[in-house]
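Since the structure is predicted, the reported quantities are computational estimates derived from the model, not experimental observations. Note that these values count all heavy atoms, side chains included, but never hydrogens, waters or copies made by symmetry.
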Amino acid sequence: MAHRPQLRLLTWDVKDTLLRLRHPVGEEYAAKARVHGLEVDALALGQAFGQAYKAQSHSFPNYGLSHGLTSRQWWLNVVLQTFHLAGIRDAQAVAPVADQLYKDFSSPCNWQVLEGAEATLSGCRERGLRLAVVSNFDRRLEDILVGLGLREHFDFVLTSEATGWPKPDPRIFHEALRLAHVEPALAAHVGDSYRCDYKGARAVGMHSFLVVGPGPLDPAVKDSVPQEHILPSLSHLLPALDHLEGLPPKP
């Protein structure tokens with residue numbers, strides 16, 4: 001009979017795995033713009049944000065740290081570019097909006113804990129697992145987790161800004177393993193990105209679970225990820241861990 005691993009460490013992605021924004025980005029941007037006297041369509045802002053974020057991430061990856069930017073400067077530039085693409089080209093008028101948005105997204109009240117997250121984290125703790133965060137987030141993450149009551153579940157929090165290594169860079173996973181004093185074969189990672197989370201963790205020898213939600217699976221993902229590694233919701237994680245460790249099903 002094949003040896004089944006007894007996991008010791010479970011690392012977690014955060015955004016869209018444990019937390020999500022309370023409102024769509026376009027709506028938040030439009031609401032804050034309105035307060036400052038700017039009327040911009042929320043849908044146009046949402047589309048512009050996607051373009052601006054993608055371009056900024058390509059030109060200045062991982063918050064532009066290697067280019068001398070701070071994550072705050074990086075985000076302010078994303079906001080300015082978003083409004084520019086949506087037709088507001090007066091950077092001076094947008095600057096206070098950008099400043100307010102940065103502060104607002106630092107606040108726990110603009111985030112919500114996904115259904116099943118707290119129960120799943122508690123269940124993982126009860127089975128003796130150490131938990132840690134491995135996230136492509138900026139310096140604001142710790143305070144957000146504290147404000148939402150989730151920080152207490154984790155032994156440590158690693159962000160791509162703090163380490164300088166965004167997932168799927170193997171170094172951020174290796175750093176988590178080093179801090180926990182755990183071998184890759186005794187660790188697993190949970191996240192919603194096939195490339196950054198699922199493949200990134202498996203590339204360093206960790207086990208991995210992909211949170212996919214209730215929608216249809218991308219065919220490429222469906223063909224590449226075994227069914228037992230797919231989590232339609234967080235409540236599926238504990239049974240998946242039982243399967244991985246060869247434990248009998250819970251009644």
Side-chain angles (χ1 to χ4, degrees), residues 7-25 27-28 104-162 166-168 172-173 176 179-180 182 187-202 206-215 217 221 225 227-245 247 249-250:
L7 294 181
R8 293 174 52 203
L9 173 69
L10 196 60
T11 61
W12 290 81
D13 172 53
V14 173
K15 186 177 180 294
D16 297 325
T17 296
L18 294 171
L19 309 178
R20 69 178 169 213
L21 290 169
R22 286 193 178 277
H23 306 289
V25 170
E27 291 181 13
E28 287 286 348
D104 287 349
F105 285 120
S106 305
S107 170
C109 67
N110 280 292
W111 298 85
Q112 65 183 42
V113 179
L114 288 173
E115 184 178 355
E118 292 184 84
T120 300
L121 292 170
S122 296
C124 290
R125 278 290 192 194
E126 287 169 10
R127 63 191 292 153
L129 282 165
R130 296 183 66 187
L131 307 182
V133 165
V134 175
S135 172
N136 288 355
F137 215 101
D138 59 53
R139 65 180 68 232
R140 297 173 291 178
L141 182 57
E142 285 264 9
D143 289 342
I144 291 169
L145 290 172
V146 169
L148 292 169
L150 295 185
R151 179 62 181 86
E152 63 193 39
H153 291 288
F154 301 107
D155 288 17
F156 56 87
V157 172
L158 289 181
T159 64
S160 61
E161 179 176 14
K167 297 176 297 185
I172 194 168
F173 292 105
L179 289 172
V182 171
H189 180 72
V190 182
D192 72 307
S193 168
Y194 173 65
R195 185 179 74 89
C196 293
D197 293 310
Y198 185 79
K199 289 185 70 177
R202 290 180 68 80
M206 295 171 65
H207 302 277
S208 197
F209 297 99
L210 184 66
V211 180
V212 298
L217 266 182
V221 172
V225 182
Q227 189 64 38
E228 60 267 25
H229 297 172
I230 292 175
L231 306 178
S233 72
L234 290 176
S235 64
H236 289 76
L237 176 63
L238 295 177
L241 291 175
D242 288 340
H243 183 275
L244 178 65
E245 295 184 330
L247 299 176
K250 298 289 194 300

Undergrad: Sequence neighbours left out, what passes ring pair (Phe, Tyr, Trp, His ring centres under 6.0 Å) with His153? Give chain and number order.
TA: none
Undergrad: Check Ala176 against Leu158 and note the closest heavy-atom contact, atom names and distance.
TA: N-CD1, 3.5 Å
Undergrad: Could I get the full list of side-chain contact (heavy atoms from CB on, under 4.5 Å) partners for Ser235, not counting sequence neighbours?
TA: Ser233
Undergrad: Could you tell me whether a side-chain N or O of Glu228 sits under 3.5 Å from a main-chain N or O of His243, the two making a donor and an acceptor?
TA: no
Undergrad: Check whether any side-chain heavy atom of Leu241 lies under 4.5 Å from a side-chain heavy atom of Leu7, and answer yes or no.
TA: yes
Undergrad: With distance as the sole test, does Arg151 use its side chain to make a donor-acceptor pair with the main-chain N or O of Phe154 at under 3.5 Å?
TA: yes
Undergrad: Which heavy atom in Pro108 sits nearest to a heavy atom in Gly147, and how many Å separate them?
TA: CG-CA, 3.5 Å
Undergrad: Roughly how far, to the nearest 0.5 Å, is the OG atom of Ser107 from the CG atom of Asp143?
TA: 10.0 Å
Undergrad: Are any non-hydrogen side-chain atoms of Glu245 and Arg127 less than 4.5 angstrom apart?
TA: yes
Undergrad: For the atom pair CG (Leu131) and CZ (Phe156), what is the distance rounded to the nearest 0.5 Å?
TA: 10.0 Å
Undergrad: Suppose we screen for salt bridge (Lys or Arg N to Asp or Glu O under 4.0 Å). Which residues come up paired with Arg8, at least two apart in sequence or across chains?
TA: none
Undergrad: Strictly distance-based, threshold 3.5 Å: is any side-chain N or O of Thr159 a donor or acceptor partner for the main-chain N or O of Ala162?
TA: yes
Undergrad: Could you please spell out the steps behind the ring pair (Phe, Tyr, Trp, His ring centres under 6.0 Å) verdict for Phe137 and Trp12?
TA: CA-CA 12 Å; Phe137 215 101; Trp12 290 81; over 10 Å; no
Undergrad: I'd like to check the ring pair (Phe, Tyr, Trp, His ring centres under 6.0 Å) partners of Phe173; sequence neighbours left out, ordered by chain and number.
TA: His189
Undergrad: Which value, rounded to the nearest 0.5 Å, describes the distance between Arg130 atom CZ and Cys124 atom SG?
TA: 14.5 Å
Undergrad: Using 0.5 Å steps for rounding, measure from the CD atom of Glu161 to the CG atom of Leu141.
TA: 10.5 Å
Undergrad: Tell me the salt bridge (charged side-chain N to carboxylate O under 4.0 Å, His left out) pairs involving residues 13-22, sequence neighbours left out?
TA: Asp13-Lys167
Undergrad: Can you list the steps and then say if Asp197 with Arg202 is a salt bridge (charged side-chain N to carboxylate O under 4.0 Å, His left out)?
TA: CA-CA 8 Å; Asp197 293 310; Arg202 290 180 68 80; over 6 Å; no
Undergrad: What are the two closest non-hydrogen atoms of Ser135 and Val133, and how far apart are they?
TA: CB-CG1, 3.7 Å
Undergrad: Leu121 and side chain to side chain contact (heavy atoms under 4.5 Å, CB included): which single residue from Val113, Leu234, Leu129, Leu150 fits?
TA: Leu150
Undergrad: About how many Å separate CH2 of Trp111 and CG of Leu148, when rounded to the nearest 0.5 Å?
TA: 9.5 Å
Undergrad: Can you give me the closest heavy-atom contact between Val182 and Ala187, atom names plus distance?
TA: CG1-CB, 4.1 Å
Undergrad: What side chain to side chain donor-acceptor pair (under 3.5 Å) pairs are there with at least one residue in residues 115-125, not counting sequence neighbours?
TA: Arg125-Asp155
Undergrad: Locate the shortest heavy-atom distance separating Ser193 from Leu210; write the atom from each residue and the value.
TA: C-CD1, 3.7 Å
